[in-house]
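Written below as structure tokens is the structure these notes are about.
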Amino acid sequence: IIMVVKKGKATDEAPKSFGSLVADLWSGYLSSTNKTMKIIDSYLFYILITGVIQFVYCVLVGTFPFNAFLSGFISCVASFVLASSLRVQVNPDNQKEFSSISPEKAFAEFVFCHIILHLVVMNFLG
């Protein structure tokens with residue numbers, strides 16, 4: 001018998017399955033996350049998938065042009081870090097911590113850092 005504790009009281013209710021937990025998490029995300037955060041999250045997911053594909057390709061095929069692999073993978077990691085920083089700064093829940101940074105300023109810093117990042121990556125390619 002599995003006892004589930006709800007608000008300090010133990011009940012004999014069965015725990016939810018993994019699928020229902022994921023469904024609840026997804027529906028909560030869709031209902032409580034604003035459009036800007038969803039766009040940034042989809043960009044983060046795209047960068048993550050791109051980095052995974054590059055890594056798998058490197059493992060399966062090899063790293064002959066090693067500079068190309070390194071620059072591409074480092075670009076993915078750095079882009080993920082920059083986008084995560086942007087997400088934290090424009091999140092309405094964090095407005096108290098970032099009151100001096102407007103969303104427009106955060107986006108301008110994101111774009112500027114991306115330009116510098118890609119200049120470095122192109123320089124590393126040779």
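Keep in mind the model is a prediction, meaning the values are calculated, not measured.
- Of all heavy-atom pairs between A83 and I40, the closest is O-CG2, 3.8 Å.
- By the rule that hydrophobic residues join a cluster once side-chain heavy atoms approach within less than 4.5 Å of another member, L70 and V61 end up as members of separate clusters.
- How far OG of S20 is from CG of L25: 11.0 Å, rounded to the nearest 0.5 Å.
- Rounded to the nearest 0.5 Å, atoms CD (Q95) and CG (D93) are 9.5 Å apart.
- Rounding to the nearest 0.5 angstrom, the gap separating the OG atom in S71 from the CZ atom in F66 is 10.5 Å.
- Of all the heavy atoms in L30 and K38, the pair that sits closest is O-NZ, 2.9 Å.
- Residues F80 and S84 are in side-chain contact: their nearest non-hydrogen atoms beyond the backbone lie under 4.5 Å apart.
- Note: the hydrophobic cluster containing L117 also contains I115 (ILVMFWY, side chain heavy atoms under 4.5 Å, direct or indirect links).
- Between T33 and R87, the shortest heavy-atom contact is CG2-NH2, 4.4 Å.
- Of all the heavy atoms in V88 and F98, the pair that sits closest is CG1-CE1, 3.5 Å.
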For S79 and H118, run side-chain contact (heavy atoms from CB on, under 4.5 Å): C-alpha distance rounded to whole Å, both residues' side-chain angles, the deciding distance at 0.1 Å, then the answer. CA-CA 9 Å; S79 295; H118 287 91; 4.3 Å; yes

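- One finds the CG atom of N91 at 5.0 Å from the CE atom of M37 (value rounded to the nearest 0.5 Å).
- Within the model, atoms CE of M122 and OG of S75 stand 10.5 Å from one another, a figure rounded to the nearest 0.5 Å.
- Taking all atoms of both residues into account, the shortest heavy-atom contact from S32 to G28 is OG-O, 2.7 Å.
- Under a hydrophobic-cluster definition in which Ile, Leu, Val, Met, Phe, Trp and Tyr are linked whenever side-chain heavy atoms come within less than 4.5 Å, directly or via other members, V77 and F124 are assigned to the same cluster.
- From L86, atom CG reaches atom CZ of F107 across 7.5 Å, with rounding to the nearest 0.5 Å.
- Of all non-hydrogen atoms in A68 and L125, the two that sit nearest each other are CA-CD2, 3.6 Å.
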Determine, step by step, whether Q89 and E109 satisfy the side-chain contact (heavy atoms from CB on, under 4.5 Å) criterion, reporting the C-alpha distance in whole Å, the side-chain angles of both residues, the deciding distance to 0.1 Å, and the verdict. CA-CA 11 Å; Q89 290 177 0; E109 290 174 352; 4.0 Å; yes

Would you give me the side-chain donor-acceptor pairs under 3.5 Å for residues 44-60, sequence neighbours excluded?
unit_1	atom_1	unit_2	atom_2	d
T50	OG1	Y46	O	2.8
Q54	OE1	F73	N	3.1

